[in-house]
**Student:** 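Sharing a structure with you now.
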Amino acid sequence: MRRSTLAALCTLGALGGVLTVPTAAQAADPHPNGPSVRTSETRIHLDFGTNTLPKDLKVLLRKEGTDTPVATVTEFIHVQDTDPCNPSCQDDPGETAIETSPLRLADLGRYAVDVEYAGTAGETIVHKDEAVFDYHLIPQVTSFEVTGKPDLEHRTVSIAADATLRDPRDDSEKPMPNGRLVLETTAAKTELTTDATGHLTAPYTFTGTEQHDTSTYQNDVKVILRPADADAAHGQTRRVEVGYTATSIALDSPKVTGPDGKDAPLTGRATYRGSDGVDKPVPVGTPMAVYNVRKFAAGADGRFTTQVPVYGTQRQRIALLGTPWLSETYVYVNSDPTTSAGFHRVPSYSVSPYKKVTISGIFDRYDLPAATTLKVNIQFKKYGTTEWVTKRTVDSPAIAGNSSRTVTATDLPYLGLGVWRLQFAGTRDIPAGPAPESYSIWRQNTAFGEFNANPEPVRAGAPITITGKLNTQSGGQWSALPSARINIYFREKGTTTWRGVGVAVTGTDGRFTKTFTAAKDGDWQARYDGDDWSHFYSYSRLDFVDVQ
């Protein structure tokens, strides 16, 4: 990572005396909680949470158990902000962390870390024991080789490696005798030990369940060798190409049986074809799945037991997920629902501009012992809640055995943003099946914010102008609704009949205008009939005009 380097100065040796904090300093401390401090193997990292650092900033190092500093750091490196739009491009404060350059101390050991800077009045502020700096020999794997191309029947390879200890005082290296190393894959961790010269030569056997290394397009697995007490950055990584073979799945039964909408057990065995042409069990832990439903793993002798959802007569796919060692394969299992009833498909719905909802769904019944009438609940769940409220119950006749019937409920009230479902609650003899919910149902309210017929009164034969503005509501806020068709109606005084007399279209500001010739006294009104999907109807107030 590129950094803007300011420089680093480390002063070695005793500074003499014990640093103290003046009594009044805490009141004038610009950072009363001190900085966030952490250490790595050769650096000390600080973060005050601000881009402005305190004056006269120093980091003091003391041998643990002593009071006298043996080293002082006075200059630091700003850490570059690697994500300039976090939390957002507008609110990102930038990187506020700083760090030292790699430290060169006289002795290895553990050091207490104190942070010193000037207070607002120039007094000395000291935050003691902010961290512990462990300055030690750094283990690292310097070479690592893997020999062999394994497959399921030949999973053992040879590994060779060298490990050293780097001295942070001068960056010199020496072999790591009898050093503990860890060989790590996606399936296992194995401890190994170097010899007296820091060298390692040993066989290694893969489990056969290692996962693909997704960083390459090869059929390989990733192997990391690192010191036991260090991360992968101190080790080395190799990618080992492996050979894979064909697989197959044998089910103990071609179908599962159980109540609709419930799980039923399934057993079987997964095998691979050996080089001798004989089917052999896949390794324990081989990943498998009831596809897109749940994952499981093969057990001893390739055997497996899982739960398969019975969802009507829909068949389910049982898959052996591809690995570097095994090709992907799958089989289907059929579902045989016992006595039950429910809805499997997402219900269809519509909501009219006049705030009426229609819900429809296919009601599947399985293995019913006799003809009967089943009651279906029409239920609504408001957005942001978990409670289903029954708004209507309808009857659905069912014959004995298996059958399907469309259930439709019309003229339901629009209840705001939410979802609907059709639900069979079940009876003592007929368990309830699935009841999927609809997609979110919504429309936006509309309202005439303005409406006027001018002039009032008006002379017969003179022009009369109708003006108004249509708004729509979204997220609790009202705004203009453009390009909306507005129907203008007139009702003559003394009558009850409304006549459509013209059409206007709102502009980008939601306003509309329409001019007529004044003929008779009466009421004027504007109406919006809504649209195909998004907006509800609305109508304006009445405006009476006296024609003289």
Side-chain angles (χ1 to χ4, degrees), residues 151-155 186-187 206-212 219 221 242-346 362 364-369 401-404 426 430-436:
D151 57 37
L152 272 183
E153 295 183 294
H154 312 90
R155 284 179 273 163
T186 57
F206 291 97
T207 67
T209 58
E210 289 79 9
Q211 299 174 7
H212 280 106
N219 191 59
V221 297
V242 302
Y244 70 97
T245 186
T247 58
S248 61
I249 300 172
L251 303 178
D252 293 337
S253 173
K255 69 178 180 180
V256 290
T257 302
D260 191 17
K262 307 297 182 182
D263 286 346
L266 176 71
T267 58
R269 186 170 185 253
T271 58
Y272 72 93
R273 180 60 55 90
S275 57
D276 56 3
V278 176
D279 287 341
K280 302 175 183 180
V282 299
V284 173
T286 295
M288 301 184 68
V290 181
Y291 210 71
N292 290 335
V293 177
R294 62 174 53 91
K295 294 182 178 181
F296 60 97
D301 196 38
R303 298 287 305 174
F304 63 85
T305 299
T306 188
Q307 295 290 319
V308 175
V310 178
Y311 203 68
T313 56
Q314 174 181 310
R315 63 180 184 172
Q316 301 287 349
R317 185 163 68 163
I318 311 302
L320 187 151
L321 305 178
T323 75
W325 313 90
L326 301 166
S327 62
E328 180 175 347
T329 191
Y330 60 88
V331 295
Y332 285 101
V333 59
N334 295 313
S335 297
D336 180 18
T338 58
T339 302
S340 55
F343 297 82
H344 296 105
R345 302 165 235 353
V346 173
I362 297 177
D364 294 310
R365 290 73 67 97
Y366 300 102
D367 201 23
L368 300 190
N402 299 342
S403 66
S404 293
I430 305 173

**Student:** Verify side-chain hydrogen bond (donor to acceptor under 3.5 Å, both in side chains) between T305 and T267, making sure each step is shown before the conclusion.
**Tutor:** CA-CA 4 Å; T305 299; T267 58; 5.7 Å; no
**Student:** How far apart are the closest heavy atoms of G302 and P281, and which atoms are they?
**Tutor:**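 Closest approach of G302 to P281, heavy atoms only: N-CB, 3.5 Å.
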**Student:** Would you name the heavy atoms of S404 and I362 that are closest together and state the gap between them?
**Tutor:**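 For S404 versus I362, the nearest heavy atoms are CB-CG2, 4.0 Å.
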**Student:** List the atom of G285, the atom of T209, and the distance in Å for their closest heavy-atom pair.
**Tutor:**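 Result for this residue pair: C-CG2, 3.9 Å.
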**Student:** Please find the pair of heavy atoms, one from P283 and one from G208, that lie closest to each other, and give the distance.
**Tutor:**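 Looking at all heavy atoms of both residues, the shortest contact is CG-O, 3.9 Å.
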**Student:** Between D151 (side chain only) and Y244 (backbone N and O only), is there a donor and an acceptor less than 3.5 Å apart?
**Tutor:**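 Checking the backbone N and O of Y244 against the side chain of D151, no donor-acceptor pair under 3.5 Å is found.
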**Student:** State, with a plain yes or no, whether a side-chain heavy atom of Q316 is found less than 4.5 Å away from one of V256.
**Tutor:**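 When only atoms from C-beta onward are counted, V256 and Q316 do not touch, as no gap falls below 4.5 Å.
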**Student:** Answer whether the closest heavy-atom distance between the side chains of F296 and Q307 falls below 4.5 Å.
**Tutor:**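 Contact flag for F296/Q307 side chains = no.
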**Student:** Could you tell me if the ring centre of Y272 sits under 6.0 Å from that of W325?
**Tutor:**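 Ring-ring flag for Y272/W325: false, centres at least 6.0 Å apart.
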**Student:** Do the non-hydrogen side-chain atoms of S340 and K262 ever get within less than 4.5 Å of each other?
**Tutor:**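 No - every pair of side-chain heavy atoms lies 4.5 Å or more apart.
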**Student:** In the structure I gave you, are the side-chain heavy atoms of T247 and T271 within less than 4.5 Å of one another anywhere?
**Tutor:**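 No, every pair of side-chain atoms sits at 4.5 Å or beyond.
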**Student:** OG of S403 to CG of D364: how many Å apart, nearest 0.5 Å?
**Tutor:**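 One finds 8.0 Å between OG of S403 and CG of D364.
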**Student:** Run the numbers on V308 and I318 for side chain to side chain contact (heavy atoms under 4.5 Å, CB included), then give the verdict.
**Tutor:** CA-CA 9 Å; V308 175; I318 311 302; 4.1 Å; yes
**Student:** Is any side-chain heavy atom of E153 closer than 4.5 Å to a side-chain heavy atom of S275?
**Tutor:**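 In contact.
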**Student:** Assess whether a salt bridge exists between R269 and D252, defined as any Lys/Arg side-chain N lying under 4.0 Å from an Asp/Glu carboxylate O.
**Tutor:**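 No, this pair does not count.
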**Student:** Just do the side chain to side chain contact (heavy atoms under 4.5 Å, CB included) check on N334 and T313 with the steps written out, would you?
**Tutor:** CA-CA 7 Å; N334 295 313; T313 56; over 6 Å; no
**Student:** When you measure from the side chain of D301 to the backbone of R303, do you find a donor-acceptor pair of N or O atoms at a distance under 3.5 Å?
**Tutor:**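 No, because the side chain of D301 does not come within donor-acceptor range (under 3.5 Å) of the backbone of R303.
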**Student:** Out of T338, T339, D367, V310, which residue meets the side chain to side chain contact (heavy atoms under 4.5 Å, CB included) rule with P259?
**Tutor:**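 Exactly one option meets the side chain to side chain contact (heavy atoms under 4.5 Å, CB included) with P259, and it is T338.
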**Student:** Treating R155 as the side-chain partner and T207 as the backbone partner, does any N or O pair qualify as donor plus acceptor under 3.5 Å?
**Tutor:**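 Flag set: sc R155 to bb T207 pair under 3.5 Å.
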**Student:** To the nearest 0.5 Å, tell me how far N402 CG sits from R365 CZ.
**Tutor:**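 Answer for the CG-CZ pair, N402 versus R365, is 10.0 Å.
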**Student:** Rounded to the nearest 0.5 Å, how far does OG1 of T245 lie from NZ of K280?
**Tutor:**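 Here the rounded value is 9.5 Å.
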**Student:** Applying side chain to side chain contact (heavy atoms under 4.5 Å, CB included), run through L368 and I430 and close with a yes or a no.
**Tutor:** CA-CA 7 Å; L368 300 190; I430 305 173; 3.8 Å; yes
**Student:** Are a donor atom and an acceptor atom from the side chains of E210 and T323 found within less than 3.5 Å of each other?
**Tutor:**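 On atom types as modelled, these side chains do not qualify, holding no pair under 3.5 Å.
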**Student:** Decide if the gap between the ring center of Y330 and the ring center of Y291 is smaller than 6.0 angstrom.
**Tutor:**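 No; Y291 has its ring centre 6.0 Å or more from that of Y330.
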**Student:** Heavy atoms, side chains only, cut-off 4.5 Å: are V221 and T186 in contact?
**Tutor:**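 Counting from C-beta outward, V221 and T186 never come under 4.5 Å.
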**Student:** As an exercise, state the distance from CG of L251 to CZ of F304, rounded to the nearest 0.5 Å.
**Tutor:**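 Rounded to the nearest 0.5 Å, the CG-CZ separation comes out at 5.5 Å.
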**Student:** With a cut-off of 6.0 Å (strictly less than), are more than 12 heavy atoms of other residues, nucleotides or ligands near NZ of K255?
**Tutor:**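 Count not over threshold, so no.
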**Student:** Do the ring planes of Y311 and H344 sit parallel (below 30°), tilted (30 to 60°) or perpendicular (above 60°)?
**Tutor:**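 Aromatic pair Y311/H344 classed perpendicular.
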**Student:** What is the distance from atom CD of E328 to atom CG of L321, rounded to the nearest 0.5 Å?
**Tutor:**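 That separation rounds to 6.5 Å.
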**Student:** Is the shortest side-chain heavy-atom distance between D336 and Y366 below 4.5 Å?
**Tutor:**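 Counting from C-beta outward, D336 and Y366 never come under 4.5 Å.
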**Student:** Check the pair R315, S335 against side chain to side chain contact (heavy atoms under 4.5 Å, CB included), reporting the backbone distance first and the verdict last.
**Tutor:** CA-CA 6 Å; R315 63 180 184 172; S335 297; 5.8 Å; no
